[in-house]
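One structure is given below, encoded as structure tokens.
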Amino acid sequence: MSTAKLILEGNEYEFPLVRGSEGEVGIDTVALRKHTNAISLDPGYGSTGSCLSGITFIDGEKGILRYRGYDIEKLATESSFVEVCYLLIYGELPTQEELLSFSDRLTRHTLIHEDMKKFFEGFPATAHPMAMLSAMVSSLSAYYPGAGIDEDLDLNIVRLLAKVKTVAAFSYKKSIGQPFIYPRNKYSYCANFLHMMFAVPAEDYVPPKVLIDALNLLLVLHADHEQNCSTSTVRMVGSSQTNLYASISAGISALWGPLHGGANQKVIEQLKMIREDGSNFRKYVDLAKDKSSPFRLMGFGHRVYKNFDPRARILKKTADEVLDQLGVDDPLLDIAKQLEEVALVDDYFVSRKLYPNVDFYSGIIYRAMGIPTNMFTVMFALGRMPGWIAHWKEMREEPRGRINRPRQIYTGPTQREIKPLEER
């Protein structure tokens with residue numbers, strides 16, 4: 001067995017190496033504290049593997065992203081979001097019979113309990129859709145108390161995937177003060193969501209194919225991305241044997257942050273700011289390069305990718321097609337293209353490998369589809385749902401699984417005595 005050696009205060013210790021199927025190497029430090037009374041320190045966990053996982057592979061240097069061994073480029077063009085859900089959760093692409101059964105179950109479990117409408121009524125008009133989404137998903141635990149029982153697992157997975165798009169659409173309708181639109185069994189997964197989002201009572205709204213295809217693509221591209229902040233949160237919470245709905249609700253809250261799922265919203269806000277400043281994009285490129293300026297361009301660079309984000313390559317092409325088919329002339333897209341052109345040839349960006357990431361184009365496409373900015377992170381959550389579920393399921397089935405409990409290096413005061421009040 002290959003090992004890594006650690007010399008600590010003159011003593012030598014050996015720890016086994018773990019190799020992944022794609023050649024990744026990790027040092028198994030589970031016994032580090034037991035043998036040395038020391039811990040590894042890695043703020044942000046950038047060099048720490050929290051688990052063994054067979055779901056998603058990323059090679060940030062080469063710009064590779066695969067779900068269960070399938071390249072994202074192939075899945076994005078040849079598979080539906082429902083197929084990708086099945087793939088991530090159960091490990092294989094479904095057969096035709098399995099796909100029909102899975103799709104049928106997702107359709108039949110789309111409705112939410114009528115009492116949940118009262119929860120929506122209790123939110124103020126100013127409530128952010130992500131606040132509603134997180135709360136409503138957590139509340140599903142009250143309606144399905146068996147969500148943590150293994151024999152009910154498949155049923156609760158279907159319930160969550162089916163109902164979350166209804167909850168998301170209802171959150172949007174609540175935020176704009178419109179009546180809720182119920183799902184229709186005749187529509188596909190993506191078409192049903194668009195129907196609930198944009199239909200109004202007494203109107204027979206039929207979602208256009210261009211919107212259905214665009215939504216399917218966006219959801220596939222966001223379906224999983226390894227051990228990111230929200231996925232790690234789902235695993236962390238789930239490690240205490242918290243039920244599926246509560247664990248996913250925690251992941252939704254983690255995704256809400258502007259440094260994670262809210263990044264595409266920040267991209268749009270920044271493009272608007274540049275437009276209002278006379279579309280002087282070069283001014284902001286220079287600001288981003290200025291070390292003394294706190295400004296940075298949103299949508300460029302990635303914690304993992306040191307190459308072009310493969311999802312961004314796909315969305316760049318799709319953005320043009322969607323806007324063209326919808327007849328949308330969006331000045332923000334022009335600014336985005338100009339920023340991208342500069343970034344791809346400018347030595348500052350190239351040397352630092354600050355390529356456009358998935359957030360750079362996803363917001364523009366959602367904007368063209370008529371989805372408001374405050375719903376962008378909700379859309380991200382809708383796409384990431386199967387990945388979260390897959391990781392929660394994998395974590396629960398891990399034979400070495402135990403409750404997560406990170407350590408720390410204490411830097412506070414040493415032992416102190418309490419002085420009398422009059423002496424402080």
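By convention here, the first residue in the shown sequence is residue 1. Heavy-atom basis, side chains included; hydrogens, waters and symmetry copies ignored.
- The main-chain N or O of I252 is never found under 3.5 Å from a side-chain atom of S134 such that the two would form a donor-acceptor pair.
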ask   = Is there a side-chain contact (heavy atoms from CB on, under 4.5 Å) between L75 and L87 once you walk through the steps?
value = CA-CA 10 Å; L75 291 171; L87 169 68; 4.0 Å; yes
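- The aromatic rings of F198 and Y172 sit perpendicular to each other, their planes meeting at more than 60°, with 30° as the lower class boundary.
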task = Show your working on side-chain contact (heavy atoms from CB on, under 4.5 Å) between I274 and L339 and close with a plain yes or no.
result = CA-CA 11 Å; I274 295 173; L339 285 173; 4.0 Å; yes
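- Classification of the F380-H260 ring pair by plane angle, with boundaries at 30° and 60°, yields perpendicular.
- In plain terms, the two heavy atoms of A223 and V84 that are nearest each other are CB-CG1, 3.9 Å.
- Atoms OH and CG, from Y361 and L315 in turn, are 9.5 Å apart once rounded to the nearest 0.5 Å.
- Distance alone, capped at 3.5 Å, places no donor-acceptor pair between the Q265 side chain and the G262 backbone.
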inquiry  = Between R159 and D152, does the salt bridge (charged side-chain N to carboxylate O under 4.0 Å, His left out) criterion hold? Intermediate values first, please.
reply    = CA-CA 10 Å; R159 283 170 173 161; D152 288 337; over 6 Å; no
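- Side chain to side chain, S53 and E394 meet the donor-acceptor criterion of an N or O pair below 3.5 Å.
- By the 6.0 Å contact criterion, CD on E397 is enclosed, its count of non-hydrogen atoms from other residues, nucleotides or ligands being greater than 12.
- Contact between P356 and L344 at its shortest, heavy atoms only, is CD-CD2, 4.0 Å.
- At least one side-chain heavy atom of L326 sits less than 4.5 Å from a side-chain heavy atom of L211.
- In terms of heavy atoms, S141 sits closest to N243 at OG-OD1, 3.0 Å.
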ask   = Where do S139 and Y245 land on the side-chain contact (heavy atoms from CB on, under 4.5 Å) test, with the steps shown first?
value = CA-CA 8 Å; S139 73; Y245 301 114; over 6 Å; no
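- Taking the side chain as every heavy atom from C-beta outward, L88 and Y86 never approach each other to under 4.5 Å.
- Interatomic distance, Y67 OH to I72 CD1, rounded to the nearest 0.5 Å: 3.5 Å.
- Counting only heavy atoms from C-beta outward, the side chains of K393 and Y90 approach each other to under 4.5 Å.
- In this structure, the side chains of R367 and I268 come closer than 4.5 Å at one or more pairs of heavy atoms.
- Enclosure of atom CZ in R184 by more than 12 non-hydrogen atoms of other residues, nucleotides or ligands within 6.0 angstrom is indicated.
- No salt bridge links D224 with R68; every basic N to acidic carboxylate O contact stays at or beyond 4.0 Å.
- Checked by atom type and distance alone, the side chain of K174 never pairs as donor or acceptor with a backbone atom of A125 at under 3.5 Å.
- At a threshold of 4.0 Å, the pair K118-E121 does not count as salt-bridged, since none of the basic side-chain nitrogens sits closer than that to a carboxylate oxygen.
- Other residues, nucleotides and ligands contribute more than 12 heavy atoms inside 6.0 Å of the CG atom of L99.
- In this structure, OG on S253 lies 7.5 Å from CH2 on W256, to the nearest 0.5 angstrom.
- A donor-acceptor distance shorter than 3.5 angstrom exists from the side chain of T77 to the backbone of K74, with no hydrogens or angles considered.
- A distance-only check finds a donor-acceptor pair linking the side chain of D42 to the backbone of S47 [under 3.5 Å].
- Here N264 contributes atom CG and E269 contributes atom CD; the two are 10.0 Å apart, rounded to the nearest 0.5 Å.
- Looking only at distances, no side-chain donor or acceptor of S103 sits under 3.5 Å from a matching main-chain atom of L100.
- Between D359 and K266, every side-chain heavy-atom pair lies at or beyond the 4.5 Å cut-off.
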message = Apply side-chain contact (heavy atoms from CB on, under 4.5 Å) to residues I112 and F120 and explain how you reach the verdict.
response = CA-CA 12 Å; I112 61 174; F120 281 106; 4.2 Å; yes
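- Aromatic ring orientation, F170 versus Y182: perpendicular (interplanar angle above 60°, classes split at 30° and 60°).
- With salt bridges taken as basic N to acidic carboxylate O contacts below 4.0 Å, none links D346 and R282.
- Taking both residues in full, the closest heavy atoms of M197 and I371 are given as CE-CG1, 4.2 Å, listed atom of the first, atom of the second, then distance.
- Atoms OH and CG, from Y366 and L218 in turn, are 4.0 Å apart once rounded to the nearest 0.5 Å.
- Side-chain N or O atoms of T166 include one that pairs as donor or acceptor with a backbone N or O of T110 at under 3.5 Å.
- Considering only heavy atoms from C-beta on, T377 stays 4.5 Å or farther from P258 through its side chain.
- Across every non-hydrogen atom of G383 and P386, the tightest pair is O-CD, 3.1 Å.
- The shortest distance between side-chain heavy atoms of R235 and Q227 falls below 4.5 Å.
- Remark: I418 CD1 is loosely packed, at most 12 non-hydrogen atoms of other residues, nucleotides or ligands lying under 6.0 Å away.
- In this structure, CG on L133 lies 5.5 Å from OG on S171, to the nearest 0.5 angstrom.
- Contact check on K117 versus E114 returns a salt bridge, with a Lys/Arg side-chain nitrogen under 4.0 Å from an Asp/Glu carboxylate oxygen.
- Residue F193 comes nearest to A168 through the heavy atom pair CE1-CB, 3.9 Å, listed as atom of the first residue, atom of the second, then distance.
- Remark: the Y284 side chain and the D277 side chain contain an N/O donor-acceptor pair separated by less than 3.5 Å.
- Between the side chain of S138 and the main chain of S249, no donor-acceptor pair closer than 3.5 Å is present.
- Q270 contributes a side-chain N or O that, together with a main-chain N or O of M298, makes up a donor-acceptor pair within less than 3.5 Å.
- At most 12 heavy atoms of other shown residues, nucleotides or ligands fall within 6.0 angstrom of atom CD in E97.
- Annotation: R275, atom CZ; neighbour count of heavy atoms from other residues, nucleotides and ligands within 6.0 Å does not exceed 12.
- In this structure the side chain of E92 never reaches within 4.5 angstrom of the side chain of E98, judged on heavy atoms.
- A donor-acceptor contact shorter than 3.5 Å is absent between the side chain of N216 and the backbone of A214.
- Annotation: side-chain hydrogen bond (donor to acceptor under 3.5 Å, both in side chains) contacts of N280 (sequence neighbours excluded): none.
- Around OH of Y45, the count of heavy atoms belonging to other residues, nucleotides or ligands within 6.0 Å does not exceed 12.
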